[in-house]
Structure formats: structure tokens, C-alpha cells
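Read the numbers this way: they start at 1 and go in the same order the structure lists the ligands and their atoms.
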Amino acid sequence: MTNTVESTRAKRIGEISFEDLEQHIEAAQIPTLVMLTAHITGDPKVLKNEWRPAPAVFAPNPLTAQQEAQAREYCLERLAPYLAQQRSWASRPTPELLREISTWLLGADLEDARALAEISFVPNEGDPRAPQWNLDQVDPQSTMNAVVIGSGFSGLLAALRLKQAGIPFSIIEKNFEVGGTWWENTYPDCRTDVPSHIYTYSFWQRDWETHFGRHNRIHEYLHNFAKDNGLLEHLIFGTEVTASIWDEENDSWTLQTRSTAGIEESITARVVVSAVGQLNRPSIPNIEGLESFAGPKIHSAQWDHTVDFTGKKVVVIGTGASALQFAPAVAKDAQQVTIVQRSAPWLMPMPILRQKINPDERWLMENLNQYRAFYRFSLFLPRVIGNLPSATVDPEYPPTEVAVSAANDALRLMLTKYLSDQVQDRPDLLEQIIPNYPPASKRIICDDGTWIKTLKRDNVRLVNEGVSRVDETGIWLGDEYVEADIILFGTGFKAADFLLPMKVEGIGGQDLHEKWGIDASAYLGSTLPDYPNFFCMYGPNTNTVIHGNLVFFLECQANYMIDALKQLAQSGKKSLNLREDVFAEYDKLITTESAKRTWGWSKTKSWYMNAAGRSTIMWPLPARDYFERTAKATISDYVLS
Ligand code: NAP
């Protein structure tokens with residue numbers, strides 16, 4: 001080590017010794033450490049080519065151990081004087097430096113990165129997108145109030161924004177706790193497969209013990225968010241909204257509610273924010289004889305923790321994201337597990353999926369000013385820019401159910417190798433585990449090797465036959481009868497049935513579900529003509545496959561809603577109603593763009609498509625596009641009254 005480091009070594013860094021700091025930095029992620037060093041020193045020379053991470057999000061770390069050691073030593077030497085003197089540094093880099101940092105991180109100076117870099121870097125403190133206005137100041141006479149339906153990720157965020165803007169609100173929640181899907185889903189090994197530091201509000205970062213948070217930790221995060229932000233006192237628990245009816249005379253919504261005790265009431269609100277989620281109505285296939293089955297039948301989202309799998313014969317139906325988490329856990333206890341697969345999932349290598357974060361790195365996240373912000377930035381920016389080209393159909397390629405473009409094929413080859421490498425010793429499994437549709441037609445599931453290891457277990461069998469019938473003691477898979485004590489459904493959700501079972505009636509008593517049919521659509525996933533002051537969170541076409549981040553989309557959507565309400569308040573009017581022509585043009589764009597993407601083109605089954613073969617779930621454009629369209633509400637898109 002050099003003199004600077006040696007002379008610093010003698011000193012203590014705040015509460016800790018230099019040796020301890022050095023040990024913590026041993027656990028630092030190299031991209032984060034390099035970017036933080038560039039920021040603290042203001043010197044971009046540290047952004048060396050040989051220390052750059054792999055450009056593709058899921059590609060392995062290209063640095064050798066020696067390169068990593070060199071990077072650590074170089075950064076520590078430059079950071080040492082700042083740390084020893086406990087000098088503080090700015091909470092964010094200059095725009096110029098941030099551009100250099102982004103260019104280094106991504107390996108190119110991308111236009112999308114330039115547009116998204118500023119919003120992607122969120123310092124440890126502060127909430128840059130909090131509304132900078134207050135209803136009292138904008139319109140002291142305003143009678144605006146709001147009801148938020150649902151208190152999951154999107155409802156709590158919308159509620160906070162309303163609170164920050166001084167708009168009176170209540171949150172109606174059908175459960176007796178906040179958290180939505182992260183309260184309801186408790187199946188074994190349930191966790192997010194999006195890294196926790198980006199599966200959190202950008203402005204409310206917290207400590208995580210694992211890279212991918214378990215369901216109970218995510219629920220705890222959401223509960224604490226509600227508690228610490230004073231949202232719990234706005235919650236009406238154990239109550240379902242059964243209908244929202246627009247009252248044209250009073251420019252307000254009448255919400256009919258029913259409590260779990262069966263008490264029915266009405267609430268009025270000028271604004272409704274529907275944050276009811278997409279993944280909470282279990283989809284259980286209609287199988288002949290299912291009701292006659294004598295044993296437990298459990299859907300992943302309604303887990304029965306009293307059921308003991310020890311020594312039991314279990315049938316698992318489905319091989320989606322949920323089943324890939326609970327089936328390996330069940331297989332450890334069960335006598336026999338038969339997994340019924342309709343289509344094989346593409347798997348994305350993610351070795352740290354079930355790993356804890358090194359305690360030394362957790363120390364850096366909590367104590368080294370802006371380390372966590374740069375860590376988050378290193379995860380967020382590449383993912384939010386995403387890899388839409390590899391999910392885009394090239395008509396000249398020509399597209400097939402194998403691959404839809406050269407980029408898509410490159411992704412396919414990479415993922416195929418990941419799968420085939422794992423069954424070198426079990427070639428009989430190869431044909432069953434390679435999907436027969438282009439990657440990115442549906443969710444690519446993160447995996448650390450657990451899935452194929454599970455399929456190789458002596459007590460596990462993967463079957464590709466459809467379920468034809470169930471009786472008291474078992475299940476027919478084609479012509480084969482399989483005895484079963486327990487049937488587990490990993491068969492997903494009725495995601496395309498937006499806002500059901502709530503009835504929504506807009507201007508002229510128009511029923512929203514009749515208007516939609518099976519083709520749900522909303523402008524920017526948020527608003528609809530003839531449903532004034534009705535905002536959806538996580539509405540139609542606001543999900544992403546490999547080109548975005550759900551929480552970021554929610555933050556954009558909440559931003560749009562609050563900006564529209566600000567402009568409504570400024571106008572002194574009571575309601576805003578989306579123009580039909582704006583909606584029609586948008587709807588056409590979404591339909592056209594969806595058809596160009598893998599999920600819109602492929603005929604494989606998935607919850608991304610509705611029964612008419614149209615995508616009502618996915619955002620088909622770059623994430624940047626969504627960010628820019630939601631940055632400000634264009635009030636002329638609406639008729640104000
Ligand atoms: P899903 O992705 O919809 O998967 C459902 C599975 O059941 C698929 O394998 C599907 O086959 C199969 N299936 C459906 N109906 C069937 C039938 N009649 N017969 C045989 N198989 C049938 O549902 P999920 O796994 O619950 O996941 C839903 C979404 O929740 C995910 O995409 C993700 O967004 C979210 N999720 C996330 C995580 C996470 O972050 N780790 C975990 C769980 C869930 P096909 O593929 O052929 O349709």
C-alpha cells in the first residue's frame with residue numbers, strides 16, 4: 001500500500017479503525033466502489049476500462065481476482081484522505097460526471113442513459129419527486145379529497161404523494177394489514193426475484209440482509225413505510241370496495257364498501273386511486289373432478305401452513321415464478337413430487353438469488369455516504385434501460401417460435417447453454433427443460449441452479465402431459481394415473497381481469513368492465529375517458545419484461561397522478577376527464593408496439609396476453625418513454641369541468 005494509505009492507517013475513521021474500514025471495503029462491489037471514488041474525488045480517471053462491469057445485466061463478472069484487488073487498492077488509496085479526515089462530500093455528482101459514470105457503467109454513451117441518469121441516481125437522503133406544492137396554497141377553497149383502494153406497493157406510494165400534497169385521503173384495504181401481494185403470498189421460499197435495492201421506493205432505501213428480499217422482509221418494509229410516513233392512520237382495514245359510481249351532479253365518486261363483518265357503507269371522494277394490484281386473484285384451472293379430491297388443494301397465494309408435506313405424495317401444477325420457488329422447498333420434505341409442466345420456463349442465471357449480503361458490505365451501505373446510492377444506481381440504470389432489442393421482432397430475420405431476431409437468438413443461445421450445462425449428467429431431462437418459445441415472450445425466471453437440482457432429485461418427476469381429470473385420490477396426466485395426497489397450484493393469477501371484482505360506473509352509468517370487455521386499456525396505464533378523476537396505479541400495460549423496473553414505473557405513475565391533480569386544483573375546476581381522441585391514439589400505439597415485441601408475437605401462453613391474444617399487461621416501449629410521458633401531465637389531454 002502507498003504512503004497515503006499508510007499514513008491514514010494510524011488514524012481512526014470515526015468510530016472504526018482503518019483496518020476495519022479496509023476489511024469493509026474488501027466486500028465492496030467493484031463498480032460501486034469505482035463510481036463512488038470518481039464521485040468523491042471528482043476524478044473520472046478511476047473509471048478505467050479494465051474495471052468496467054459486463055455490459056449485459058446478467059453476464060458474469062468479467063474481472064479477475066487480481067483486477068479486483070487492484071481496483072480496491074487504487075480506490076482505497078484515493079478515498080483514504082477523505083475518510084480519515086471525515087470530510088463530507090456532495091450527495092450527488094455533477095451532471096457531467098454522472099454522464100461519464102453512466103457511460104463507464106454501460107460501456108457506451110447511450111441517449112436513453114442520458115435521459116434517465118439523473119432520475120436513476122437517488123442520494124441516500126431526500127425524495128426528489130415529492131410534490132413541491134400543497135393543496136391549501138394552490139386552492140385554499142378546494143374540496144378535493146381522495147380514496148386509495150389497496151395498500152400494496154402502489155397504494156402506499158400514491159397515498160404518500162397525496163399526503164405530501166395536502167390532499168385529504170383514506171386508504172381502503174380488504175386485508176387487515178398493508179402489503180398487498182407481499183402480505184398474501186407466504187408460500188415456502190417466497191421472495192422477490194428483483195434485487196431488493198431496486199425493488200424498493202427510490203427515496204426510501206433500507207438495509208437488506210439478502211440480495212433478494214424474502215416475502216416477510218418486504219412486508220415489514222412496506223409496513224414500516226406506512227407507519228413511519230403516517231399512513232396507517234388513514235387506513236380502513238378489512239373492507240372491500242364493491243363499486244365506484246361517478247356522481248355527475250356532484251363531480252365525485254360514491255364508493256360502496258363491504259366490511260368482512262358484512263357491513264355495507266358508502267363513502268364519497270372527488271378522486272379515486274385504484275391500486276388493487278394485478279396478481280391477487282388466484283387462477284385455478286377448471287379440472288374435471290377437482291372438487292372430489294380428498295386431500296388439500298393449495299394455491300401458491302393461499303398457502304396453508306398447517307399442511308405437513310413429510311412423507312406425502314404431492315402434485316405441483318405449473319412451472320412459473322411461484323412454483324419454481326415453492327416446489328424445491330416442498331421436495332425436501334415430500335415422499336414424491338410430480339411436477340406438471342405445460343411450458344418450460346427460461347431461466348436467467350442469478351447465483352446470488354438466495355445469498356445473504358456480506359455484513360461488511362451492509363456496513364458500507366449504512367455508513368459510507370452514498371455507497372448505497374451508487375450500488376442502487378449500478379443495479380437500476382442497466383435494468384431500466386433494459387434489453388428491448390432482444391425482445392423485438394425483426395420481420396427480416398425472419399421471426400419464428402425459436403427466435404424473433406438475431407439479438408433474441410443470442411439471448412436464447414446464452415440461456416440454452418445455462419440450462420444444458422446443468423443436465424450434462426441427465427441428458428434425458430434436456431428436451432423437457434428447453435423452452436419451445438422465444439425468450440422474453442413471458443417472464444424469464446431468475447435461478448441459482450436450484451430448479452434443475454430439484455428436477456434431478458430421486459423423489460421428483462417432471463411431466464409434460466396435461467391434467468385431464470382428478471378423483472378422490474389422484475390425478476390423470478394423459479393416460480397415466482398419479483396418486484396424490486396434496487395438489488399444489490402454481491398456476492398464477494387472473495392478471496388480465498383488471499379491477500375485478502369491483503364494479504366501476506363512469507359518466508352515463510357506463511360500466512367499465514362492459515366497456516373494456518377483455519381488453520383493458522388506460523392512458524399511460526392510468527386514466528380513461530368517461531371515468532373522471534379515476535386513476536389506476538399499476539394499471540394496464542405498465543409491466544416490463546426485460547426493459548424496466550416495476551417500482552420505477554409506479555413512481556412515474558404516482559408522479560403523473562399528483563401533477564394532474566395539481567393542475568386540476570390550479571384550474572379551480574372539479575374534475576378532469578381524458579379526451580377520447582387522446583385515448584384512442586394512445587391505445588393504437590400500444591397495440592401496434594406490442595405486436596413488435598416477443599410477447600405480442602409469440603403464440604405461447606402467458607398471463608401477459610389476454611384471451612383475445614392482446615397484451616394488456618406489458619409496456620411495449622422503452623422505459624424512458626414512460627418516464628418522459630409521465631413526467632408532467634398535459635392538462636390539454638383532459639376536459640376540465
Ligand atoms: P405464472 O407465471 O402465470 O405461471 C403459471 C404456471 O402455471 C405456468 O407454468 C403455466 O403454464 C401453468 N399453468 C397455468 N394453467 C395451467 C393449466 N391449466 N395446466 C397446466 N399448467 C398450467 O404464475 P406465477 O408463477 O404465480 O407468477 C405470476 C407472476 O407473479 C410472475 O410472473 C411474477 O410477475 C410474479 N411473481 C414474482 C415472483 C418473484 O419475484 N420471485 C415470484 C412469484 C411470482 P404456461 O407457462 O404454459 O402458461
*Nitrogen or oxygen atoms of G490 and ligand 1 under 3.5 Å apart*: yes

*Counting from 1, what ligand 1 atoms have a heavy atom of Y187 closer than 4.0 Å?*
42 (C), 43 (C)

*asked:* Side chain, backbone, both or neither: which applies to Y608 and ligand 1 if a contact is any heavy-atom pair less than 4.0 Å apart?
replied: neither

*Heavy-atom distances under 4.0 Å are what count here, so tell me which part of F493 touches ligand 1: side chain, backbone, both or neither.*
side chain

*What residue and heavy atom of the protein are closest to atom 35 (C) of ligand 1, and at what distance?*
L279 CD1, 3.7 Å

*Could you tell me if any non-hydrogen atom of T192 lies under 4.0 Å from any atom of ligand 1?*
yes

*Measure the distance from atom 28 (C) of ligand 1 to every protein heavy atom, then report the residue, atom name and distance (to 0.1 Å) of the closest one.*
W607 NE1, 3.9 Å

*Hey, what's the ring geometry for Y199 with W182, parallel, tilted or perpendicular (30° and 60° as the breaks)?*
perpendicular

*May I ask you to list the atoms of ligand 1 that are less than 4.0 angstrom from any heavy atom of K605?*
48 (O)

_What protein heavy atom lies closest to atom 23 (O) of ligand 1? Include the residue and the distance to one decimal._
G492 CA, 3.0 Å

*Taking the inter-plane angle between the rings of Y201 and F203 on a 0 to 90° scale, is it parallel (under 30°), tilted (30 to 60°) or perpendicular (over 60°)?*
parallel

*Aromatic plane relationship, F380 with F552 - under 30° parallel, 30 to 60° tilted, over 60° perpendicular*: perpendicular

_Taking the six-membered ring for Trp, are Y437 and W599 closer than 6.0 Å centroid to centroid?_
no

*asked:* Can you report which non-hydrogen protein atom sits closest to atom 47 (O) of ligand 1, along with the distance?
replied: S343 OG, 2.3 Å

*With a 4.0 Å cut-off on heavy atoms, does T319 reach ligand 1?*
yes

*Return yes when atom CG of D479 has more than 12 non-hydrogen atoms of other residues, nucleotides or ligands closer than 6.0 Å, and no otherwise.*
no

_For atom 46 (O) of ligand 1, tell me which residue out of Q325, H215, K442, R342 has the closest non-hydrogen atom._
K442

*Going through the checks in order, is the side-chain contact (heavy atoms from CB on, under 4.5 Å) test met by I475 and L477?*
CA-CA 6 Å; I475 185 162; L477 304 175; 4.2 Å; yes

*So Y221 and W204, would you call those rings parallel, tilted or perpendicular, with 30° and 60° as cut-offs?*
perpendicular

*For E431, does the CD atom have more than 12 heavy-atom neighbours from other residues, nucleotides or ligands under 6.0 Å away?*
no

*Who's the nearest protein heavy-atom neighbour of atom 36 (N) of ligand 1, and how far?*
A321 CB, 4.0 Å

_Reference residue W346; test side chain to side chain contact (heavy atoms under 4.5 Å, CB included); the match among P438, P439, S441_ = P439

*Protein residue, atom and distance nearest to atom 31 (C) of ligand 1, heavy-atom basis*: R443 CD, 3.6 Å

*asked:* Measuring from atom CG of D189 to atom NE2 of H215, what distance do you get when rounded to the nearest 0.5 angstrom?
replied: 9.0 Å

*Which bit of I317 is near ligand 1, meaning a heavy atom under 4.0 Å away: side chain, backbone, both or neither?*
side chain

*Select one of side chain, backbone, both or neither to describe which atoms of P285 lie under 4.0 Å from any atom of ligand 1, heavy atoms only.*
side chain

*Are the ring centres of F493 and H299 closer than 6.0 Å?*
yes

*Of the listed options (G320, G318, S322), which comes nearest to atom 27 (O) of ligand 1 when hydrogens are ignored and any heavy atom counts?*
S322

_Nearest non-hydrogen protein atom, atom 40 (O) of ligand 1_ = D193 N, 2.8 Å

*Is the W516 ring parallel, tilted or perpendicular to the H513 ring (thresholds 30°, 60°)?*
perpendicular

_With nothing but distance in play, are any N or O atoms of W182 less than 3.5 Å from an N or O of ligand 1?_
no

